[in-house]
Amino acid sequence: MSGTGKCTVVVGCQWGDEGKGKIVDVLAEGVDVVARYQGGANAGHTVHVGDDEFILHQIPSGILHPGKRCLLGNGVVLDVQQFFDEYDALIARGLVLDGRVGVSRRAHVLLPYHRFLDRAAESSAVEKIGTTGRGIGPAYEDKAGRRGVRVADFGNPTRLIQRVGAAMERVCLRLHELGHGADAELDGQMDQALALGERLLSLATDTGPEISRALEAGKRVLLEGAQGTALDLDHGTYPFVTSSNTTAAGAATGTGIGPTAIDAVVGVVKAYTTRVGEGPLPTGFEPEMDEHVRRLGGEFGATTGRPRRCGWFDSVLSRFAAQVNGLTGVAVTKLDVLDTLPELQIATGYRLADGSVVQDFPADTWALDSVEPVYETAPGWCEPTGDARRMSDLPINARRYLDRLEELTGAPVQWVSVGTKRAQIIPVA
Ligand code: GDP
């Protein structure tokens with residue numbers, strides 16, 4: 001598909017939930033391999049194919065296109081039980097997966113004790129950061145702490161038992177620190193996860209060499225991120241972030257290819273802004289409008305059902321996302337959600353407490369709580385856009401809104417999504 005390269009990254013440009021699943025699903029049509037590069041079962045992509053809805057947590061959205069190879073890179077943390085539940089559910093719905101899914105031997109494995117630790121930390125007043133409680137943070141902590149268990153370890157049961165045993169000792173201490181007793185259920189669940197090892201090894205691959213060989217053979221590759229730029233461990237609103245690099249550079253480290261192999265980066269932005277979990281949302285609506293747009297956009301988490309906070313489009317953030325990801329293009333999603341609003345606001349800067357206005361996304365997360373967005377007003381279009389298939393089908397005010405988003409973001413809009421269905425997409429010529 002035009003607008004993509006031989007090796008294209010699809011990255012969220014806000015706080016996740018931008019509709020990456022739909023864009024990956026649309027772009028996957030024109031590629032041979034789709035690989036996830038970070039995150040775990042905390043991400044939830046919702047994709048609509050015809051009247052069917054699929055919620056994918058770990059397997060790349062490309063799986064819904066017959067014959068595409070789908071990989072989970074070394075940068076993901078793999079929840080084995082959840083992964084196979086998802087895998088088997090897709091087979092039960094008629095998908096043929098034989099030889100289509102590969103998991104990096106270097107990927108870290110999320111074990112049941114990671115979930116226990118996550119929930120224990122979230123229930124502590126001091127450590128709460130609004131995670132999904134899926135154990136992702138603790139699994140990445142073990143990775144950085146060099147205590148992790150990787151897919152490759154399943155090939156050596158003695159080493160595996162040794163490593164898990166050592167980790168368990170630390171887990172018990174940590175749970176004790178957080179005021180929780182070690183749960184008796186832990187052992188049984190662990191055995192279950194370990195029993196899946198053989199099946200896991202049957203899917204193991206080395207994603208870096210595999211993707212490089214595919215590119216050498218002239219195949220096209222899509223690298224799919226989870227969450228979004230403002231949740232990146234380094235560049236997001238730390239500490240209210242996820243535990244991995246969601247931004248485009250993470251696609252190279254998270255799959256094992258060199259950065260020069262990537263030749264296109266498509267940023268997905270929602271036509272407004274949402275955020276789930278704790279942390280600042282500078283353009284957040286007042287309660288009544290928040291409720292209204294949440295309902296219009298169905299803004300409830302795919303993984304947890306949590307209501308998302310909603311706000312106006314924030315070009316301070318989208319410009320930052322264009323810079324930090326090196327965007328070559330943008331896909332704007334959920335334009336149709338704004339169809340009934342008579343007037344829209346776009347944040348173009350932030351006014352700080354001292355009255356000065358900044359255009360750069362501040363590093364100080366707590367300063368973001370008190371910034372006052374500087375808005376410009378755009379007229380709404382008050383017409384349905386769901387049937388538009390070309391830019392010329394869109395109302396003039398919708399086109400002007402998109403032009404302004406493009407101008408402020410500093411990267412060309414290449415796709416506009418106007419509904420949940422595959423066909424509801426406008427490629428911008
Ligand atoms: P992701 O994690 O970035 O893939 O985002 P989610 O799956 O959490 O959210 C996307 C939701 O928005 C899904 O239910 C999609 O079907 C839906 N969606 C995606 N694009 C559009 C769009 O253009 N319009 C509308 N109304 N819904 C969309």
Side-chain angles (χ1 to χ4, degrees), residues 9-28 34 36-64 76 86 132 134 136 222 224-232 242 246-247 266-277 293-310 313 321 330-341 384-389 393-394 398 401-402 405 413-428:
V9 180
V10 176
V11 62
C13 290
Q14 294 153 327
W15 277 280
D17 310 316
E18 296 93 347
K20 295 175 296 294
K22 155 140 187 197
I23 299 302
V24 169
D25 176 61
V26 168
L27 299 184
V34 184
R36 267 280 298 272
Y37 61 83
Q38 44 71 232
N42 53 345
H45 295 315
T46 312
V47 182
H48 293 92
V49 182
D51 291 331
D52 291 332
E53 180 184 270
F54 293 86
I55 298 182
L56 298 159
H57 294 287
Q58 296 191 87
I59 300 179
S61 315
I63 202 71
L64 303 177
V76 308
E86 188 170 321
T132 54
R134 299 284 163 126
I136 310 298
L222 206 60
E224 171 185 338
Q227 291 96 27
T229 299
L231 292 174
D232 182 281
T242 197
T246 57
T247 44
V266 175
V268 185
V269 296
K270 214 179 276 199
Y272 50 100
T273 309
T274 62
R275 166 160 214 170
V276 73
V293 173
R294 180 159 45 249
R295 210 159 324 121
L296 288 174
E299 296 295 352
F300 298 89
T303 303
T304 58
R306 290 187 289 180
R308 298 172 184 149
R309 288 178 278 157
C310 302
F313 187 84
V330 169
V332 178
T333 59
K334 298 192 125 176
L335 186 73
D336 55 296
V337 172
L338 305 180
D339 283 353
T340 53
L341 302 184
T385 55
D387 291 332
R389 296 293 175 268
D393 296 336
L394 286 176
Y401 182 71
L402 291 168
L405 261 48
V413 172
Q414 293 179 314
W415 294 274
V416 180
S417 175
V418 290
T420 57
K421 299 211 160 65
R422 244 181 210 172
Q424 290 179 299
I425 188 107
I426 304 173
V428 181

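Since the model is a prediction, treat every value here as computed from it, not as a measurement. Counting convention: from 1, in listed order, for ligands and their atoms alike.
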Under 3.5 Å, side chain of K334 to main-chain N/O of G19, donor-acceptor pair present?
no
Rounded distance (nearest 0.5 Å) linking atom CD1 of I23 with atom CD of E224
11.5 Å
If you measure every N or O of K20 against every N or O of ligand 1, does any of those distances drop under 3.5 Å?
yes
Criterion salt bridge (charged side-chain N to carboxylate O under 4.0 Å, His left out) against E299, the qualifying member of R294, R306, K270
K270
Which bit of H48 gets closer than 4.0 Å to ligand 1, counting heavy atoms only: side chain, backbone, both or neither?
side chain
Using 0.5 Å steps for rounding, measure from the CG atom of L394 to the OG1 atom of T385.
6.5 Å
Which of the atoms in ligand 1, numbered in the order shown and given with their element, are less than 4.0 Å from a heavy-atom of S417?
20 (N), 21 (C), 22 (C), 23 (O)
List the steps and the verdict of side chain to side chain contact (heavy atoms under 4.5 Å, CB included) for R422 and D25.
CA-CA 8 Å; R422 244 181 210 172; D25 176 61; 2.7 Å; yes
L335 N/O to ligand 1 N/O under 3.5 Å:
no
Part of V418 within contact of ligand 1 (heavy atoms, under 4.0 Å):
backbone
Going by heavy atoms, is R308 under 4.0 Å from ligand 1?
yes
For atom 17 (C) of ligand 1, which of K334, K22, E18, R422 has the closest heavy atom?
K334
As an exercise, identify every atom of ligand 1 less than 4.0 angstrom from a heavy atom of G19.
1 (P), 3 (O), 4 (O), 5 (O), 10 (C)
Could you tell me, atom by atom, which parts of ligand 1 come under 4.0 Å of a heavy atom of G419?
20 (N), 21 (C), 22 (C), 23 (O), 24 (N), 25 (C)
Identify which one of E53, Q424, K421 satisfies the side-chain hydrogen bond (donor to acceptor under 3.5 Å, both in side chains) criterion when paired with H48.
E53
Would you kindly specify which portion of D17 sits under 4.0 Å from ligand 1, judged on non-hydrogen atoms: side chain, backbone, both or neither?
both
Compare all side-chain heavy atoms of K22 with those of T420 and state whether any distance is below 4.5 angstrom.
no
T333, any N or O under 3.5 Å of ligand 1 N or O
no
Show the nearest heavy-atom pair for residues T246 and V11, with the distance to one decimal.
O-CG2, 3.4 Å
